[in-house]
Amino acid sequence: MADTAAMPKIDVSEAQIAVHWKEEEYYYPPQSFVAQANMQDQNVLDRFTLDKFPDCFREYADMLDWFEPYHTVLDTSNPPFWKWFVGGKLNASYNCLDRHLEKYGDKAAYIFVAEPEAEPELRLTYRELYKRVNEVAALLRALGLKAGDRVTFHLPMTPELPITMLACARLGIIHSQVFGGFSGQACGTRIQDSGSRVLITMDAYWRNGALIDHKANADVAVQTAHELGQAVDKVLVWQRYPGKYSAKTPMVEGRDFFMNDLLKAHEGKIVEPEKMDAEAPLFVMYTSGSTGKPKGIQHRTGGYLAYVTATLKWVQDVQPDDVYWCMADIGWITGHSYIVYGPLACATTGVIYEGVPTFPDAGRPWRIAEKLGVNIFHTAPTSIRMLRKLGPDEPGKYNYHFKCMTTVGEPIEPEAWRWYYDVVGKEKAVITDTWWQTETGGFMCSTLPAIQPMKPGSAGPGMPGIHPVILDEHGNTVPPGSGRAGNLCIRNPWPGEMQTIWGDPQRYVDTYYRRYNRDSTSTDWRDWPYLAGDGAMEAEDGYIRILGRIDDVINVAGHRLGTKEIESACLTVPEVAEAAVVPVADEMKGRVPVVYIALKPGIEPSDEIVARVVKANEELIGKIARPKFVYIVPDMPKTRSGKIMRRVLASISNRREVGDVTTLANPGVVEEIRTMVQGQDKTTRADALPEDIDKFGQNE
């Protein structure tokens, strides 16, 4: 049993369940995979031991082309604001495109698959992608945008998203993509925080058989940003079908412009890539935070690009002649790292799929894989669970052959892992179960598939150069194989790590380093372990098992949603006095938000209030934040100081023992709530309302 007394921030029941899981058996890669793998060197980890840090990461940087060489691998003079490959100059767009043209110019960089199956695939060669990126870069430059400016995207999964990303990178413009499924209001808050004056969006896109009017979100985003004090000068609108406007929302004269029209003036133009400092910001990606305000995770150019390139080559074994499909959304870090920057830097062929994996049926992914010759597949456990539920026998109907499969975004249960291995991989593909975060840039824990065996339910050991450690509340190391859980930390800096939180460096220090910092005046990196915010345990063999978040962020289908954001949305409903949000285990999505609300005096509970709470979350955050249940309770369980005891509510919703509640100010309400919830009072259930969530399964 875990030493729970030393870990007050970890969900005790979840940690106890985890430590009672049995250690799973090893699965070994087939020799045919080992023989062709990028990384076959059994001694690779010896090159990345801590005594060789940080110079070992030169091996990562050597995978890139540099305009000017770096003179210092790691500068620790201003901890924890580490600087990587200091003095070096490079360009991310150049490394993804220009350097491949001579050898791979006529090879497909992307194959775009539209959701409607009747539409033909679009193949973009590296040369064609290079041409389109340069034309967009010329357009952005003509608009007066330059290195260091920020531009916000609210784009769906079409080739225009990576094209626009790479065009910004070519000029040194910092891009900030907002997940396309987020609402216009969520987009507007991110515009304001980043200080963007340009929004790039698309008129429409396909989702679950419907052509969605996406332009409507742009109008809301601009208005929201304006109300927060940030003006948006221009809205640039890609057309889903060039030459045809597919949205019902009208264009705003003088503000909105069709990208397709503006690009006519830049046909065939070539823009020389800016020589960017290795430390120059490449992008800002917003992720939910526990304070209610999303965090702008800022990533650098040199270290980030080196890290995603190396990890893609070594973990997913991506090679130029592969067809690689990461089924994530580019709106999350997985898509940035492992659909755009990593795969293009490795000169492989990537698949971009527009729609829902289960449209029109659960056989769609396997038809795509068969038709396109996909041999590397990358998705989230939520998608795996969904595909298993809706079409458990579908993979066997199609003649595809995967050599490597990856899971990302959340832990995968051993039972789902085995279906993935046996049925999807046909017992011939290796699986890399990866753990990492928006903040880390790329994979942190994973097996190297040709060298280390797979183990269901475990993310594997640290990547080469990554040295994880489990710490208890007091900073003591929890020994591997002890069966005890603790806080997952990383001992050392690494190139892919975030630079800071955009506009809030103190929050960066406080969130990730303050807790275990040994000496705030020290410039020795050993005194600054990185706190990941996940509970974990380490097996005797060094494999890490992730238990879940230790803060109040809910991981819904691989999407991190802050409970404070959800609670704030609930409180916009006038009748709601208090709101508490807790994570609840879900068969498909892993975790889902469940909302408890207490009404203002004199207000009677009703389905209408529940419906408006659900609608508020969908409008202010997005449909991914739709709660599974909304319970109207007579009062919240509280301490005598008035703090809502969310732990008690989470235990009730997850059918666990609530423990001792005699110290609460109102212990009697706990039994009332338990009876209501476990009796499934339908008048307080959100799922009694029409369910229309259609987005699932991708990573933050």
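Hydrogens, waters and symmetry mates are skipped; everything else that's a heavy atom, side chains included, is used.
Listed for the H154 side chain is a donor-acceptor partner under 3.5 Å among the backbone atoms of F182. When atom types are taken as modelled, the side chain of T523 and the backbone of N78 share no donor-acceptor pair closer than 3.5 angstrom. Side-chain atoms of R170 do not come within 3.5 Å of backbone N or O of V133 as any donor-acceptor pair. The closest donor-acceptor contact from the side chain of N517 to the backbone of D527 lies under 3.5 Å. Side-chain atoms of D329 never come within 3.5 Å of backbone atoms of G335 as a donor-acceptor pair (strictly under, hydrogens ignored). Within the 3.5 Å criterion, the main-chain N or O of N95 finds no donor-acceptor partner in the side chain of D65. A distance-only check finds a donor-acceptor pair linking the side chain of W502 to the backbone of D193 [under 3.5 Å]. Judged by distance alone, with hydrogens and angles left aside, the side-chain atoms of Y508 form no donor-acceptor pair with the main-chain N or O of F81 at under 3.5 Å. E279 places no side-chain N or O within donor-acceptor distance of the main-chain N or O of T301, the cut-off being under 3.5 Å. A donor-acceptor pair under 3.5 Å is absent between the side-chain atoms of Y353 and the main chain of W325, judged by distance alone.
Residues T164 and L155 share a closest heavy-atom pair of OG1-CD1, 4.3 Å. In this structure, P464 and L448 approach most closely via the heavy-atom pair CG-CD1, 3.8 Å. Here the shortest heavy-atom pairing between S194 and T152 reads OG-OG1, 3.7 Å. Across every non-hydrogen atom of P493 and L74, the tightest pair is CG-CD2, 4.4 Å. Closest heavy-atom contact between L312 and C346: CD2-SG, 3.8 Å. Considering every non-hydrogen atom in both T201 and A218, the closest pair reads CG2-CB, 4.0 Å.
Each of F153, F179, F283 was checked for a ring-ring contact (aromatic ring centres under 6.0 Å, His included) with H336, and the lone residue meeting it is F283.
Between the side chains of D75 and S77, at least one donor N or O sits under 3.5 Å from an acceptor N or O.
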Show the numbers, then the answer: is there a side chain to side chain contact (heavy atoms under 4.5 Å, CB included) between L143 and L236?
-> CA-CA 11 Å; L143 294 176; L236 307 181; 3.8 Å; yes

With ring-ring contact (aromatic ring centres under 6.0 Å, His included) as the test, would you mind laying out the steps for W436 and Y307 before giving the verdict?
-> CA-CA 12 Å; W436 60 298; Y307 196 78; 9.0 Å; no

With side-chain hydrogen bond (donor to acceptor under 3.5 Å, both in side chains) as the test, would you mind laying out the steps for Y338 and Q316 before giving the verdict?
-> CA-CA 10 Å; Y338 298 120; Q316 297 187 279; over 6 Å; no

Check the pair V509 / R514 against side chain to side chain contact (heavy atoms under 4.5 Å, CB included), numbers first and verdict last.
-> CA-CA 6 Å; V509 176; R514 182 70 67 201; 3.5 Å; yes

Verdict with supporting geometry, Y512 and T500, side chain to side chain contact (heavy atoms under 4.5 Å, CB included) = CA-CA 10 Å; Y512 303 103; T500 186; over 6 Å; no

Please assess T379 against T407 for the test side chain to side chain contact (heavy atoms under 4.5 Å, CB included), listing each intermediate value before the final yes or no.
-> CA-CA 5 Å; T379 193; T407 71; 5.9 Å; no

Between T76 and W528, is a side-chain hydrogen bond (donor to acceptor under 3.5 Å, both in side chains) present by the stated rule, with each step listed?
-> CA-CA 11 Å; T76 64; W528 295 88; over 6 Å; no

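Considering OH of Y94 and CH2 of W66, their distance stands at 13.5 Å, rounded to 0.5 Å. Atoms CG and SG, from L282 and C168 in turn, are 9.5 Å apart once rounded to the nearest 0.5 Å. Rounded to the nearest 0.5 Å, atoms CZ (R526) and CZ (R491) are 11.5 Å apart. Rounded to the nearest 0.5 angstrom, L344 CG and R99 CZ are separated by 10.5 Å. Within the model, atoms NZ of K313 and OG1 of T348 stand 11.0 Å from one another, a figure rounded to the nearest 0.5 Å.
Side-chain contact between T447 and P461 is present, with heavy atoms from C-beta onward closer than 4.5 Å. Within the 4.5 Å cutoff, the side chain of P468 has no heavy atoms near those of the M444 side chain. Using a 4.5 Å cut-off on side-chain heavy atoms (C-beta onward), W238 and D203 make no contact. A 4.5 Å side-chain heavy-atom check between I339 and T334 finds every atom pair outside the cut-off. Side-chain atoms of F85 and R300, non-hydrogen and from C-beta on, never get closer than 4.5 Å to each other. With a 4.5 Å cut-off on side-chain heavy atoms, M498 and T438 do not count as touching. Counting heavy atoms from C-beta on, the side chains of Q437 and W435 come closer than 4.5 Å. Counting only heavy atoms from C-beta outward, the side chains of S383 and M327 approach each other to under 4.5 Å.
Remark: A216 engages D213, T249 in a side chain to side chain contact (heavy atoms under 4.5 Å, CB included) (not counting sequence neighbours). For the side-chain hydrogen bond (donor to acceptor under 3.5 Å, both in side chains) test, no residue two or more places apart in sequence or in another chain qualifies with Y205. Listed by chain and residue number, Q185, A569, T572 satisfy the side chain to side chain contact (heavy atoms under 4.5 Å, CB included) test with L620 (two or more places apart in sequence, or in another chain). The side-chain hydrogen bond (donor to acceptor under 3.5 Å, both in side chains) test applied to T432 returns T406, not counting sequence neighbours. Taking the side-chain hydrogen bond (donor to acceptor under 3.5 Å, both in side chains) definition, one finds that S446 meets it with nothing, sequence neighbours left out.
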Taking distance alone, no hydrogens or angles, what donor-acceptor pairs closer than 3.5 Å link side-chain atoms of residues 225-232 to residues at least two apart or in another chain?
from	atom 1	to	atom 2	distance (Å)
E227	OE2	Q223	NE2	3.0
Q230	NE2	S196	O	2.9

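Taking the six-membered ring where tryptophan is involved, the planes of Y126 and H100 are perpendicular, since the angle between them exceeds 60° and thus also 30°. Using bins of under 30°, 30° to 60° and over 60° for the plane-to-plane angle, the ring pair Y324/H378 lands in the tilted bin.
Within 6.0 Å of atom NZ in K146, 12 or fewer heavy atoms from other residues, nucleotides or ligands are found, so the atom counts as exposed in its surroundings.
The aromatic ring centres of W314 and Y60 sit less than 6.0 Å apart. Two rings, from W494 and Y530, have their centers less than 6.0 Å apart.
E59 and R47 are joined by a salt bridge, as a carboxylate oxygen and a charged side-chain nitrogen come within less than 4.0 angstrom of each other. A salt bridge links K215 and D219; the closest N-O separation between the charged side-chain nitrogens and carboxylate oxygens is under 4.0 Å.
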